[in-house]
Amino acid sequence: MKAVVLAAGEGTRMRPLTATVPKPMLPVADRPLVAHTVDAAIDAGVDEFVLVVGYESEAVVEYFGDSRRGVPINYATQTERAGTAHAVSTAREFLDGPFAVLNGDNLYDAAAIDRLLDSGPAIGAIEVANPSNYGVLETAGGSVESIVEKPAKPPTNLANAGAYVFPAEAAGWLEVPESERGEHEITDVLAKTVDEHDVTPVVMDRWMDVGRPWELLEANEWRLGEQERRLEGEVSDDAKITGDVVVEEGATVESGVVIEGPATIRSGASVGPNAYVRGATLIDEGASVGHAVEVKNSVLMAGATVGHLSYVGDSVLGRNVNFGAGTTVANLRHDDESVEFTVKGKRVSTGRRKFGVVLADGVKTGINTSLYPGVKLSPNTTTNPGEVVERDR
Ligand code: TTP
């Protein structure tokens, strides 16, 4: 079966991380977010992909090229962000049979993708405690009857998990009218499918929509937690490594380092001497964590450098971020309230008691910079020595 993977979104809620990188290419454990979807689909038997790209498409094309693990990859370009049905319609020339549609920014339970592909026409669903915040499946006799958006009285607790298998004819049903929010939505294509076919709800054990920066941390926690201990890099005999830690070949862990899993130290990265890395943490390719640095539950993207005497907690550091000595992240409010973060101009609660900072690619801090919880800094921002950064820049 062919799979269309939607990777054309702008990821506005994920800014400033998506100022330079499309959201599906943000790192989750040892690969970009969208590669988890592609790999799960390959394991489930997908034999050809169409990746729908748009915003910052070159990064996606450069990463995947024309195949992955021997499975061909085609690209369709969506020039305007006109909705998910519109996105799939850009891939129509490649569709010649039943096809799957998956979101490139969702993290799926891989076994469920396998079941979904075996059950088509089908839709992935996840049981949620608060269905009113989601598109909710109405079911009868084991089939889906409809999807109701954010219903006040939810018919079930099954939320739409953005994974579908459509019958071949659905390629002719992609021209749907604009919805109330002005987009051409894949759920309207599903509505037509439900009229013509039995559509099976496939309940997933786990699913995540990775939309906002703290969800990138949660996505990493999930995937890092699934990795088994593997020490293939150069690890000093004086380092103490406990739990499920991956040190990839080409990574270095020097003396006096303590790493508590789950954590992944990717190829070309270095840790130590005398550093403390606590789970769940990803230290991506070529990143470095030096002497007397503590890192906890964070993502350090490729080339990020935290050289000495610093603390990084519950934070995302973009590519090539550089911390001056003594830079400290605050990740807890004195009033113990959840940390807030600005998403698309609005302050929202992260729902987390502990959350640090989100620094875009190329940010450089001066020595002894202090960063308040929930602060975000745009690409290449610099701070002066001794600055206390309370607000976003
Ligand atoms: P969203 O999460 O709604 O959009 P987004 O990824 O751009 O993020 P944000 O809302 O923060 O700006 O999109 C759901 C999925 O569909 C996601 O994988 C992106 C994809 N998509 C497209 O490929 N084309 C589109 O026109 C739209 C609306 C979404």
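Both ligands and their constituent atoms are indexed starting at 1 by order of listing.
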Shortest protein contact, [atom] (heavy atom only):
atom                    : answer
atom 10 (O) of ligand 1 : R13 NE, 3.2 Å
atom 12 (O) of ligand 1 : T12 OG1, 2.6 Å
atom 3 (O) of ligand 1  : R81 NH2, 3.8 Å
atom 15 (C) of ligand 1 : N103 OD1, 3.6 Å
atom 21 (N) of ligand 1 : G9 N, 4.1 Å
atom 20 (C) of ligand 1 : L6 CB, 3.7 Å

If we set the cut-off at 4.0 Å for heavy atoms, which region of [X] has an atom near ligand 1: side chain, backbone, both, or neither?
X   : result
H86 : neither
P24 : neither
A87 : side chain

> Does a sphere of radius 6.0 Å around CD in E234 hold more than 12 heavy atoms from other residues, nucleotides or ligands, not counting ones at 6.0 Å or beyond?
Replying inline: no
> Does atom CZ of R391 have more than 12 heavy-atom neighbours from other groups under 6.0 Å away?
Replying inline: no
>> Considering I186, T18, T84 one by one, which has a heavy atom nearer to atom 16 (O) of ligand 1 than any of the others?
In response: T84
> Heavy atom of Q78 under 4.0 Å from ligand 1?
Replying inline: yes
>> Yes or no: does G211 have any heavy atom under 4.0 Å from an atom of ligand 1?
In response: no
>> Please determine whether side chain to side chain contact (heavy atoms under 4.5 Å, CB included) holds for the pair M14 and L216, giving the CA-CA distance in whole Å, both sets of side-chain angles, and the decisive distance to 0.1 Å.
In response: CA-CA 9 Å; M14 191 60 91; L216 185 68; 4.2 Å; yes
What is the minimum heavy-atom distance between [X] and [Y], and which atoms define it?
X    : Y    : result
A239 : V253 : CB-CG1, 3.8 Å
L17  : M301 : CD2-CE, 4.0 Å
W207 : A161 : NE1-O, 2.9 Å

Purely on distance, is any nitrogen or oxygen of [X] under 3.5 Å from one on ligand 1?
X    : result
D209 : no
G11  : yes
E183 : no

>> Pair R13, F341 - check side chain to side chain contact (heavy atoms under 4.5 Å, CB included), show working.
In response: CA-CA 11 Å; R13 290 166 299 149; F341 192 81; over 6 Å; no
>> Keeping Y372 on the side-chain end and V357 on the backbone end, is there a donor-acceptor pair under 3.5 Å?
In response: no
> Cluster question for you: counting only ILVMFWY and a side-chain heavy-atom cut-off of under 4.5 Å, with indirect links fine, are V246 and V28 together?
Replying inline: no
>> Hydrophobic clustering (ILVMFWY, side-chain heavy atoms < 4.5 Å, transitive) - are V5 and L117 grouped together?
In response: yes
>> With side chain to side chain contact (heavy atoms under 4.5 Å, CB included) as the criterion, how do T305 and F323 come out once you've worked through the C-alpha distance, each side chain's angles and the decisive distance to 0.1 Å?
In response: CA-CA 6 Å; T305 300; F323 267 27; over 6 Å; no
Element-labelled atoms of ligand 1 that are located less than 4.0 Å from some non-hydrogen atom of [X]:
X    : answer
A8   : 22 (C), 23 (O)
E10  : 7 (O)
D105 : 2 (O), 6 (O), 15 (C), 17 (C), 18 (O)
G104 : 18 (O)

>> Going by salt bridge (Lys or Arg N to Asp or Glu O under 4.0 Å), E10 matches just one of R81, K23, R15, K344. Which one?
In response: R15
